Enquirer: 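Quick one: this structure, given as structure tokens, is what I'll be asking you about.
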There are 2 protein chains.
Amino acid sequence: MAETRTQPSSTPSDDDSPSCRSGDHEHQPLRFDDSACERAAAIFRALGDPQRLRLLIMLEARSCCVSELAEVLQEPLPAVSQRLRVLKTERIVRSRREGKHVFYNLADAHISRLVTNGVMHAMEDS
Amino acid sequence: MAETRTQPSSTPSDDDSPSCRSGDHEHQPLRFDDSACERAAAIFRALGDPQRLRLLIMLEARSCCVSELAEVLQEPLPAVSQRLRVLKTERIVRSRREGKHVFYNLADAHISRLVTNGVMHAMEDS
DNA sequence: TGTACAGTTGCAGGACTGTGCAAGTGTAAG
DNA sequence: CTTACACTTGCACAGTCCTGCAACTGTACA
């Protein structure tokens with residue numbers, strides 16, 4: 001999907017460059033996927049909220065049920081459920097029912113590493 | 001503001017647990033940094049926009065000036081400048097002036113890996 | 001000094017997102 | 001069957017973010 005993207009009128013030729021042509025505009029026609037870009041942005045956006053990130057950090061340690069998360073973070077249960085729903089929509093977390101409780105955990109190790117890297121960077125950065 | 005937030009009636013004591021007390025609520029008092037969490041979320045949020053992410057993917061390959069980015073991505077220059085400003089505020093990109101042009105590049109390898117991981121995950125995921 | 005180019009900033013309008021409470025669903029226990 | 005608990009969903013409000021255009025700053029060059 002979206003190979004070579006719509007680039008009809010202004011292919012960066014040699015003499016038609018409308019902006020700086022100081023000689024360093026040789027680039028490939030964007031070989032990265034367009035929809036992947038959008039999907040990645042959606043994931044990052046879901047990660048871009050302190051409350052949700054806190055949830056994920058807890059879930060990185062182990063599976064938790066909703067009420068436990070709500071209790072530890074001192075937040076109303078509907079709020080936690082709502083945030084988990086956002087994360088689940090982006091397939092960042094997975095849920096399984098166990099009797100009366102619903103346990104959530106991170107979807108895969110890839111996501112786990114993403115969260116870890118982000119927080120680590122934030123800690124050492126400032 | 002709002003430290004410890006208003007939570008008057010339901011402090012989770014030992015026997016007063018209002019939610020599930022099935023015996024798996026032994027957790028540490030959140031040893032992860034609170035401000036780091038907020039900082040990480042800010043970074044993720046800045047990454048959570050397809051247009052900005054596209055910019056970063058281009059910058060991951062090499063430094064680019066604003067007009068080059070605008071030309072390749074087929075966007076108005078002020079829009080690109082605005083997005084770069086957001087990324088610079090979060091210290092995701094760095095800028096240096098070179099004569100008439102302003103070149104941008106990723107702030108460090110950590111960010112670079114974060115972007116790569118996110119996009120890679122999005123590509124293989126779906 | 002004046003002109004052209006490269007970027008930045010300001011300011012509306014509109015869309016999207018998070019929040020809180022109330023009501024609904026579903027499961028286990030009496 | 002009824003009650004209690006665990007969670008989910010709906011809805012309205014407020015805040016926030018993205019966008020586009022116009023005006024401004026700053027640099028190079030004649």
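Naming: A, B, ... by sequence-line order, numbering from 1 per chain. All values derive from a computational prediction rather than experimental measurement.
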Enquirer: I need the CD-P distance between A:Q74 and C:dG20, as an integer number of Å.
Expert: 14 Å
Enquirer: Rounded to the nearest Å, what distance is computed from the CD atom of residue A:Q51 to the C1' atom of nucleotide D:dG15?
Expert: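 Taking atom C1' of D:dG15 as the reference, CD of A:Q51 is at 15 Å.
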Enquirer: Do any side-chain nitrogens or oxygens of B:S81 fall under 4.0 Å of OP1 or OP2 in C:dT8?
Expert: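 Checking C:dT8 against B:S81, a side-chain N or O does come within under 4.0 Å of OP1 or OP2.
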Enquirer: What's the CG-C1' distance between B:L84 and C:dA6, to the nearest Å?
Expert: 13 Å
Enquirer: Sequence neighbours left out, what pairs pass side-chain hydrogen bond (donor to acceptor under 3.5 Å, both in side chains) with at least one residue falling in residues 111-120 of chain A?
Expert: A:E60-A:S112, A:E60-A:T116
Enquirer: Has the side chain of B:R52 got a donor or acceptor atom that lies under 3.5 Å from a matching backbone atom of B:A46?
Expert: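 It does hold such a pair.
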Enquirer: Of A:R45 and A:V102, whose nearest nucleotide on DNA chain D comes first from the 5' end?
Expert: A:V102
Enquirer: Phosphate oxygens OP1/OP2 of C:dT9: is one of them under 4.0 Å from a side-chain N or O of B:R85?
Expert: yes
Enquirer: Which letters describe nucleotides 21-30 of chain C, given B = protein heavy atom under 4.0 Å from base, S = only from sugar-phosphate, - = neither?
Expert: -B----SS--
Enquirer: Between D:dT8 and A:Y104, is there an OP1 or OP2 to side-chain N/O distance shorter than 4.0 Å?
Expert: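 Answer is yes, contact under 4.0 Å.
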Enquirer: To the nearest Å, how far apart are B:H101 NE2 and D:dT27 C1'?
Expert: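 In whole Å, D:dT27 C1' lies 11 Å from B:H101 NE2.
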Enquirer: B:L77 CG to C:dG10 P: how many Å, rounded?
Expert: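 That distance rounds to 17 Å.
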Enquirer: So, is A:S67 near the phosphate of D:dC7, with a side-chain N or O under 4.0 Å from OP1 or OP2?
Expert: yes
Enquirer: Please report the distance, rounded to the nearest Å, between NZ in B:K88 and C1' in C:dG7.
Expert: 11 Å
Enquirer: Taking the minimum atom-to-atom distance to the side chain of A:D49, which one of D:dT19, D:dC7, C:dG18 wins?
Expert: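 Shortest atom-to-atom distance from the side chain points to C:dG18.
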Enquirer: Would a single hydrophobic cluster contain both B:V72 and B:V102, if residues Ile, Leu, Val, Met, Phe, Trp and Tyr are joined by side-chain heavy-atom contacts under 4.5 Å?
Expert: yes
Enquirer: Tell me the closest heavy-atom pair linking A:L53 and B:A40, and the distance in Å.
Expert: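 Closest approach of A:L53 to B:A40, heavy atoms only: CD2-CB, 3.6 Å.
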Enquirer: What is the distance from atom CZ of A:R94 to atom CG of A:L106, rounded to the nearest 0.5 Å?
Expert: 10.0 Å
Enquirer: Distance from A:K88 atom NZ to A:R85 atom CZ, nearest 0.5 Å?
Expert: 10.0 Å
Enquirer: Return the CG to NE2 distance between A:D108 and B:H121, rounded to the nearest 0.5 Å.
Expert: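 So the CG of A:D108 and the NE2 of B:H121 are separated by 5.0 Å.
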Enquirer: Starting the side chain at C-beta, find the nucleotide from C:dT9, C:dT19, D:dC7 nearest to B:Q82.
Expert: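 Of the options given, the side chain of B:Q82 lies nearest C:dT9.
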Enquirer: Measuring from A:L84:CG to A:Y104:OH, what's the distance to the nearest 0.5 Å?
Expert: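 Rounded to the nearest 0.5 Å, the CG-OH separation comes out at 5.0 Å.
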Enquirer: Look at the side chain of B:C65 and decide which nucleotide, out of C:dG7, C:dG18, D:dC7, has an atom nearest to it.
Expert: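 Nearest to the side chain of B:C65 among the choices is C:dG7.
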Enquirer: Pairs under 3.5 angstrom, nitrogen or oxygen only, protein versus nucleotides 1-3 of chain C, please.
Expert:
none

Enquirer: Within this structure, what is the CG-to-C1' distance between A:L47 and C:dT17, rounded to whole angstrom?
Expert: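 Interatomic distance, CG of A:L47 to C1' of C:dT17: 16 Å.
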Enquirer: Got a second to check how far B:I111's CD1 is from B:L87's CG, nearest 0.5 Å?
Expert: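 Nearest 0.5 Å value for the CD1-CG distance: 9.5 Å.
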Enquirer: Nearest whole angstrom, please: distance from the C1' of D:dC7 to the CD of A:E71.
Expert: 15 Å
Enquirer: Quick one: does any side-chain atom of B:S81 pair with a main-chain N or O of B:L77 as donor and acceptor, under 3.5 Å?
Expert: no
